[in-house]
Amino acid sequence: MTRRSCGALRARDAGSRVELCGWVHRRRDHGGLIFVDLRDRDGLTQVVFDPQHAAFAPAEHLRSEDVLRVCGLVRKRPQGTENAKLGTGEVEVAVEELEILNRSLVPPFQVNVDENADESLRLEYRYLDLRRPRMQRNLTVRHRIIKAMRDFFDERDFLEIETPLLIKGTPEGARDYLVPSRLYPGSFYALPQSPQLLKQICMIAGFGRYMQIARCMRDEDLRSDRQPEFTQLDVEMSFCTQDDVLETMESCIGNVWKRVLDVELAPFPRMTFSDVLERFGTDKPDLRFGLELAVVDDVFAGTEFVVFRSVLESGGAIVALRFPGGAALSRREFDALTEEAKLLGARGMVWVALGVDGIKSSAQRFVEERHAAALAKRLGAERGDAVLLFADDRVAALGVAGKMRVEVARRTGLRRADAFAFCWITDFPYLEIDAETGKPVPAHHPFTEPAPGEWDLIERDPLRMRAQHYDMVLNGYELGSGSIRIHKPELQRRIFEMLGMTAQQIDEQFGFFVRALDYGAPPHGGMALGIDRIAMLACGEESLHEVIAFPKTQTARDLMMDAPAPASEKQLRELQLRPQPRA
RNA sequence: GGCGCUGUAGCUCAGUUGGUUAGAGCGCCGCCCUGUCACGGCGGAGGUCGUGGGUUCGAGCCCCAUCAGCGUCGCCA
């Protein structure tokens with residue numbers, strides 16, 4: 001008698017006696033014969049109860065999700081009753097012994113059917129939701145991804161080093177989750193937004209090659225692709241160039257896709273930030289389809305059309321997007337599309353339908369055959385397509401056109417669910433103008449090394465300075481960023497000063513780090529990739545909820561545990577905390 | 001924090017212009033059935049429509065507020 005999983009048995013096992021443990025997936029009671037599909041993580045096996053055995057009577061009262069141990073004889077199913085849909089479908093187990101290990105209440109939603117429950121109900125009864133095939137499959141894929149990553153870096157002589165969860169907060173960046181200190185009332189640990197400084201210190205400590213599957217927390221609002229608590233593949237290397245990091249991370253992902261999904265990835269295209277913005281209107285382009293944007297100021301040079309003319313005169317741009325087959329849209333549909341564009345931030349939208357019987361446009365009087373021909377040529381559009389035009393200041397027009405590009409692709413079915421289009425974005429600007437203060441601030445984090453030979457721009461033309469910073473993008477999602485770090489203490493202080501920090505502030509907040517740089521910090525760089533997003537896309541899912549065992553809702557609650565929850569008086573007293581009455 | 005969508009039976013949903021006893025499928029309960037696998041057949045129970053207020057002779061439907069889930073903008077160095 002051997003224990004087997006519910007997905008294991010095959011025709012060759014016929015004749016052996018086995019023990020199976022699992023949940024009642026479904027029961028089919030024929031009166032004189034009862035079939036039960038027994039389920040575990042591995043699959044389903046049909047077990048049969050025959051009236052000749054003592055197990056038959058209790059089997060009449062089995063219900064969905066009861067937990068069983070059965071023993072019996074594996075036998076081939078009678079000819080013609082095999083089930084090709086099941087891996088175990090050639091055989092069944094004739095039950096000789098039944099033990100009901102536990103009963104289940106009637107579940108609040110059907111566990112044996114995918115896709116039928118409300119999100120909040122699934123989260124409240126997450127243990128039942130996780131029993132379902134979809135979540136079992138997704139979490140298995142997630143496990144394999146993480147395993148493949150660890151194996152890959154182990155093979156390359158990286159060391160996994162755990163960094164603490166209770167650390168010192170940083171005022172910059174995302175909002176910290178704070179943990180009050182009992183021993184130091186009024187003081188707080190912060191939970192890491194990332195192990196950034198700690199992994200850099202690991203380089204200073206001489207470990208050379210670090211990786212970690214790291215939990216990170218950010219107290220910001222959620223999205224379907226953003227959780228307050230997430231897992232990242234965190235990597236750092238010493239004595240490396242940007243190309244070294246890119247090669248390492250690309251190989252890692254290539255390995256993961258090969259080992260987990262058996263998909264051979266092509267080399268990732270590399271694009272500069274300014275290039276990708278011009279072509280796709282975003283720094284995280286979805287490259288599963290073309291539909292590249294075109295700036296068509298020249299096509300409309302000297303136009304009488306007041307909207308375009310005023311934008312051009314004020315230094316703005318007109319950005320064109322091809323809509324394959326879009327000429328078939330009705331005016332009503334174009335109007336709806338225009339509204340959609342406005343919701344995405346467009347000031348307006350001009351459409352040009354390149355119909356077989358001529359041109360139609362929302363700016364009919366100003367769009368002539370020569371305009372249409374020029375647009376078609378620039379975009380590679382054909383008769384039957386439409387062209388959408390957005391006029392605004394350059395960045396805004398590109399941005400809206402970029403969002404509409406994705407919408408057009410969605411409508412025309414160009415976003416293939418089974419395609420994986422990775423790319424690298426490089427040469428980001430080092431600084432951007434802070435919208436509130438109008439001052440230049442680092443576009444990413446302040447530990448990034450400027451592009452080679454561009455340090456001196458910090459005095460002359462800081463906004464032209466580029467960063468040795470890079471993003472990995474997949475299907476329009478940012479998977480993660482990395483950079484070559486500053487390793488010279490004086491340069492690091494320089495950046496902090498540019499941020500407006502005094503020497504004292506630098507010492508209070510980052511003193512430990514700058515001091516570490518003072519003691520022989522090697523040149524180093526690295527990257528972090530969001531494992532939740534990687535798992536989501538690898539599983540073909542559109543929400544992180546589907547690849548995280550116990551996710552938070554959009555309001556950062558755990559519906560199963562009902563967290564967060566108030567602390568007891570005793571706990572608050574010990575921490576010397578007192579909740580403020582609500583204003 | 002702003003805007004939007006959703007909330008009706010255990011679950012997924014339908015519910016006409018506000019008008020008697022709020023429907024369906026699945027699930028559940030009972031009976032029957034020895035080859036089903038979304039088993040089948042017969043019968044049955046079950047909801048006052050997220051919550052609170054308002055308009056009205058009358059509200060699932062209209063209005064206001066509120067809660068929850070989701071989407072989106074802000075935010076995410």
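The figures here come from the full heavy-atom set of this structure, side chains too, leaving out hydrogens, waters and symmetry mates. Note on naming: letters A, B, ... go to the chains in the order of the sequence lines (proteins, then strands), and numbering restarts at 1 for each one.
In this structure, the side chains of A:K199 and A:D234 come closer than 4.5 Å at one or more pairs of heavy atoms. Side-chain atoms of A:V36 and A:Q46, non-hydrogen and from C-beta on, never get closer than 4.5 Å to each other.
Partner A:D37 forms a side-chain hydrogen bond (donor to acceptor under 3.5 Å, both in side chains) with one of A:R27, A:H25, A:R28 and no other, that one being A:R28.
At a threshold of 4.0 angstrom between heavy atoms, the contacts of A:N112 with the nucleic acid are absent. Counting any heavy atom pair closer than 4.0 Å across all strands shown, A:R39 reaches no nucleic acid atom. Residue A:Q79 is out of contact with every strand shown, counting any heavy-atom pair closer than 4.0 Å. Contact annotation for A:E82: base contact, defined as any heavy-atom pair under 4.0 Å involving a base atom. Nucleic acid contact for A:L123: none, since no nucleic acid atom lies under 4.0 Å from a heavy atom of the residue. A:E119 comes within contact range of the sugar-phosphate backbone alone, with a heavy-atom separation under 4.0 Å but no base atom that close. Across all strands, A:R226 comes closer than 4.0 Å to base atoms (heavy-atom distances). A:I34 comes within 4.0 angstrom of nothing in the nucleic acid, heavy atoms only. Among the protein residues, A:P78 comes within range of the nucleic acid bases, having at least one heavy atom under 4.0 Å from a base atom.
Note on A:T553: a side-chain N or O is less than 4.0 Å away from OP1 or OP2 of B:G69. Proximity of A:S224 to the phosphate of B:G71: a side-chain N or O atom is located under 4.0 Å from OP1 or OP2. Taking only side-chain nitrogens and oxygens, A:Q554 comes nearer than 4.0 Å to OP1 or OP2 of B:G71. The shortest distance between the side-chain N/O atoms of A:R28 and the OP1/OP2 oxygens of B:A38 is not below 4.0 Å. Listed pair A:R122 / B:G69 fails the phosphate criterion, with no side-chain N or O lying under 4.0 Å from OP1 or OP2. In this model, the phosphate group of B:A38 is approached by a side-chain N or O of A:K85 to a distance below 4.0 Å at OP1 or OP2.
The nearest heavy atom of RNA chain B to A:K552 and to A:L344 marks one nucleotide each, and the one closer to the 5' end goes with A:K552.
The same atom, P, is picked in B:A24 and in B:C42; the two are 15 Å apart, to the nearest Å. A distance of about 44 Å separates the P atoms of B:G7 and B:C33, rounded to the whole Å. Distance check on atom C1': B:A59 versus B:U16 gives 15 Å, rounded to whole Å. Here, B:A9 and B:G50 have their C1' atoms 15 Å apart, quoted to the whole Å. For B:U51 and B:C29, the C1' atoms lie 31 Å apart once the distance is rounded to whole Å.
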Could you run through nucleotides 22-27 of chain B and give me one letter per nucleotide, 5' to 3': B if any protein heavy atom sits under 4.0 Å from the base, S if only the sugar-phosphate is that close, - if neither?
----SS

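Under the stacking definition used here (centres under 5.5 Å, planes under 30°), the residue A:F35 qualifies as stacked on the base of B:U36. Stacking here means ring centres nearer than 5.5 Å and ring planes tilted less than 30 degrees, and by that measure A:H30 stacks onto B:C39.
A salt bridge links A:E19 with A:R69: the distance from a Lys NZ or Arg NE/NH1/NH2 to an Asp or Glu carboxylate oxygen falls below 4.0 Å. The residues A:E82 and A:R77 are annotated as not salt-bridged, no charged nitrogen and carboxylate oxygen being separated by less than 4.0 angstrom. A salt bridge does not link A:R533 with A:E478: none of the charged nitrogens is closer than 4.0 Å to a carboxylate oxygen.
For A:F273, the ring-ring contact (aromatic ring centres under 6.0 Å, His included) criterion is met by A:F428, not counting sequence neighbours.
Atom pair A:R175:CZ and B:G1:P shows a separation of 10 Å (rounding to whole Å applied). When the C1' atom of B:G4 is taken as reference, atom CD of A:E339 falls 14 Å away, rounded to whole Å. Between the P atom of B:G74 and the CG atom of A:L222 lies a distance of 16 Å, rounded to the nearest Å. If you take CG of A:L128 and P of B:C11, they are 13 Å apart, rounded to a whole angstrom.
For B:G7, the paired nucleotide is B:C67, the pair qualifying as Watson-Crick or G-U wobble because both relevant distances are below 3.5 Å. With a 3.5 Å ceiling on both atom-pair distances, B:U56 lacks any Watson-Crick or G-U wobble partner. Pair assignment for B:U21: none, as no Watson-Crick or G-U wobble contacts are both less than 3.5 Å.
Separating the CG atom in A:L44 from the CG atom in A:L9 is a distance of 12.0 Å, to the nearest 0.5 Å.
Comparing atom distances between the A:P108 side chain and each of B:G10, B:G69, B:C75 picks out B:G10 as nearest.
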